[in-house]
Amino acid sequence: MPKWKVVTEFSFNSAHYIKDYDGPCGRMHGHNYQVRIEAISTQLHSSQYCPHPVMVADFRTLRWAKQDATKGGLDHCILNEVMPPEYETTAEMIAKYIYDETKKRVPPNVQLKIQVSETPNSWVEYEE
């Protein structure tokens with residue numbers, strides 16, 4: 001059976017604080033978040049931008065989070081004000097939020113793996 005994997009990377013800049021954290025991360029600060037998304041499928045699909053079944057998932061769709069916050073993304077915002085309250089703003093929860101929101105935008109049989117990095121030498125991966 002054929003299998004395709006597409007990968008995209010992007011960054012966005014946002015501020016956040018971790019609620020009730022005893023230390024510097026409990027104060028407002030910012031990061032240049034690096035995000036890597038892997039999408040895997042055994043079939044190709046169309047997208048909102050292309051009516052032909054020729055892609056796993058559209059790169060434009062996968063990169064929704066890099067858009068400015070005023071356009072529904074996460075760039076140049078305070079994550080604590082943009083993300084729903086059930087998502088704390090740790091890297092782990094940001095990865096889950098990006099996963100959950102991306103999953104709504106791609107065909108149901110597309111598997112996703114999300115990586116989020118706040119600094120060059122620490123990151124988190126999330127997949128289901």
Side-chain angles (χ1 to χ4, degrees):
M1 177 177 291
K3 181 165 78 170
W4 290 270
K5 175 165 71 171
V6 298
V7 179
T8 187
E9 294 181 347
F10 58 89
S11 64
F12 66 90
N13 295 284
S14 291
H16 79 124
Y17 59 90
I18 299 174
K19 182 177 55 176
D20 300 325
Y21 187 88
D22 183 16
C25 295
R27 296 189 302 267
M28 182 75 70
H29 62 285
H31 294 286
N32 179 30
Y33 290 94
Q34 296 295 130
V35 178
R36 176 184 168 104
I37 298 180
E38 296 180 13
I40 300 169
S41 181
T42 58
Q43 69 183 74
L44 298 179
H45 308 93
S46 59
S47 78
Q48 72 182 86
Y49 307 106
C50 179
H52 310 291
V54 294
M55 57 189 72
V56 170
D58 197 301
F59 286 116
R60 285 172 64 187
T61 301
L62 293 173
R63 292 189 296 251
W64 68 270
K66 78 177 255 172
Q67 293 181 343
D68 188 83
T70 61
K71 296 178 181 174
L74 299 176
D75 191 43
H76 283 79
C77 73
I78 299 171
L79 293 173
N80 304 74
E81 296 175 359
V82 172
M83 291 172 51
E86 63 268 23
Y87 296 92
E88 185 50 78
T89 60
T90 61
E92 293 87 346
M93 292 302 289
I94 294 166
K96 179 164 176 28
Y97 177 69
I98 292 173
Y99 176 95
D100 291 345
E101 289 300 310
T102 305
K103 196 71 174 159
K104 295 174 188 176
R105 294 166 162 81
V106 298
N109 66 335
V110 173
Q111 296 175 309
L112 295 173
K113 180 177 178 181
I114 309 295
Q115 297 174 332
V116 174
S117 172
E118 291 180 339
T119 66
N121 47 351
S122 52
W123 62 91
V124 63
E125 295 182 355
Y126 183 83
E127 62 186 311
E128 291 183 0

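Just so you know, these numbers use all the heavy atoms, side chains as well, and skip hydrogens, waters and symmetry mates.
- Looking only at side-chain heavy atoms (C-beta outward), Tyr17 and Cys25 stay at 4.5 Å or farther from each other.
- A pairwise comparison of heavy atoms in Tyr126 and Ala95 identifies CB-CB, 4.0 Å as the closest pair.
- The line from CD of Glu88 to CD1 of Ile94 is 9.0 Å long, rounded to the nearest 0.5 Å.
- With hydrogens and angles disregarded, no donor-acceptor distance shorter than 3.5 Å links the side chain of Ser117 to the backbone of Gln34.
- Closest of all the heavy-atom pairs between Val6 and Ala57 is CG2-O, 4.4 Å.
- No donor-acceptor distance shorter than 3.5 angstrom exists from the side chain of Ser41 to the backbone of Val56, with no hydrogens or angles considered.
- Here Arg105 pairs with Glu101 under the salt bridge (charged side-chain N to carboxylate O under 4.0 Å, His left out) rule; sequence neighbours left out.
- Following chains of ILVMFWY side-chain contacts shorter than 4.5 Å, one can reach Trp64 starting from Val35, so the two form part of one hydrophobic cluster.
- Of all heavy-atom pairs spanning Val7 and Phe59, the tightest one is O-CE2, 3.5 Å.
- Ile40 forms part of no hydrophobic cluster, judged by ILVMFWY side-chain heavy-atom separations under 4.5 Å.
- Closest non-hydrogen pair, Val124 versus Ala91, comes out as CG1-O, 3.3 Å.
- The aromatic rings of His29 and His16 are tilted relative to each other, their planes meeting at an angle between 30° and 60°.
- Here CE of Met55 is found 8.5 Å from OG1 of Thr61. Values are rounded to the nearest 0.5 Å.
- Here Glu86 contributes atom CD and Lys96 contributes atom NZ; the two are 9.5 Å apart, rounded to the nearest 0.5 Å.
- The residue from Gln115, Arg63, Arg36 that alone fulfils the side-chain hydrogen bond (donor to acceptor under 3.5 Å, both in side chains) condition with Glu9 is Arg36.
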Intermediate values then yes/no, side chain to side chain contact (heavy atoms under 4.5 Å, CB included), Val116 and Trp123: CA-CA 5 Å; Val116 174; Trp123 62 91; over 6 Å; no
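- Although no hydrogens or angles enter the test, the distance criterion places a donor-acceptor pair under 3.5 Å between the side chain of Asp75 and the main chain of Asn13.
- Two residues are said to be in side-chain contact when any heavy atoms from C-beta on lie closer than 4.5 Å; Gln43 and Asn109 meet this criterion.
- Nearest heavy-atom pair across Ser122 and Thr119 is OG-OG1, 2.5 Å.
- Checking side-chain atoms of Ser47 against main-chain N and O of Cys50 turns up a donor-acceptor pair under 3.5 Å.
- One finds the CG atom of Asn80 at 9.0 Å from the CD1 atom of Ile18 (value rounded to the nearest 0.5 Å).
- Side-chain atoms of His45 and Asp58 form no donor-acceptor pair, as typed in the model, at a separation below 3.5 Å.
- With hydrogens and angles ignored, the 3.5 Å screen pairs a side-chain donor or acceptor of Lys103 with a backbone N or O of Val110.
- Put simply, CE on Met93 and CD1 on Ile98 are 12.0 Å apart, with the number rounded to the nearest 0.5 Å.
- Put simply, NZ on Lys113 and OH on Tyr99 are 12.5 Å apart, with the number rounded to the nearest 0.5 Å.
- A salt bridge does not link Asp100 with Lys104: every distance from a Lys NZ or Arg NE/NH1/NH2 to an Asp or Glu carboxylate oxygen is 4.0 Å or more.
- Here the closest non-hydrogen pair linking Pro84 and Tyr97 is CD-CE1, 3.3 Å.
- Trp4 is listed as a side-chain neighbour of Leu44, based on a closest heavy-atom distance under 4.5 Å.
- The main-chain N or O of Ile37 is never found under 3.5 Å from a side-chain atom of Thr8 such that the two would form a donor-acceptor pair.
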Candidate pair Tyr33 and Ser11, rule side chain to side chain contact (heavy atoms under 4.5 Å, CB included), full reasoning: CA-CA 5 Å; Tyr33 290 94; Ser11 64; over 6 Å; no
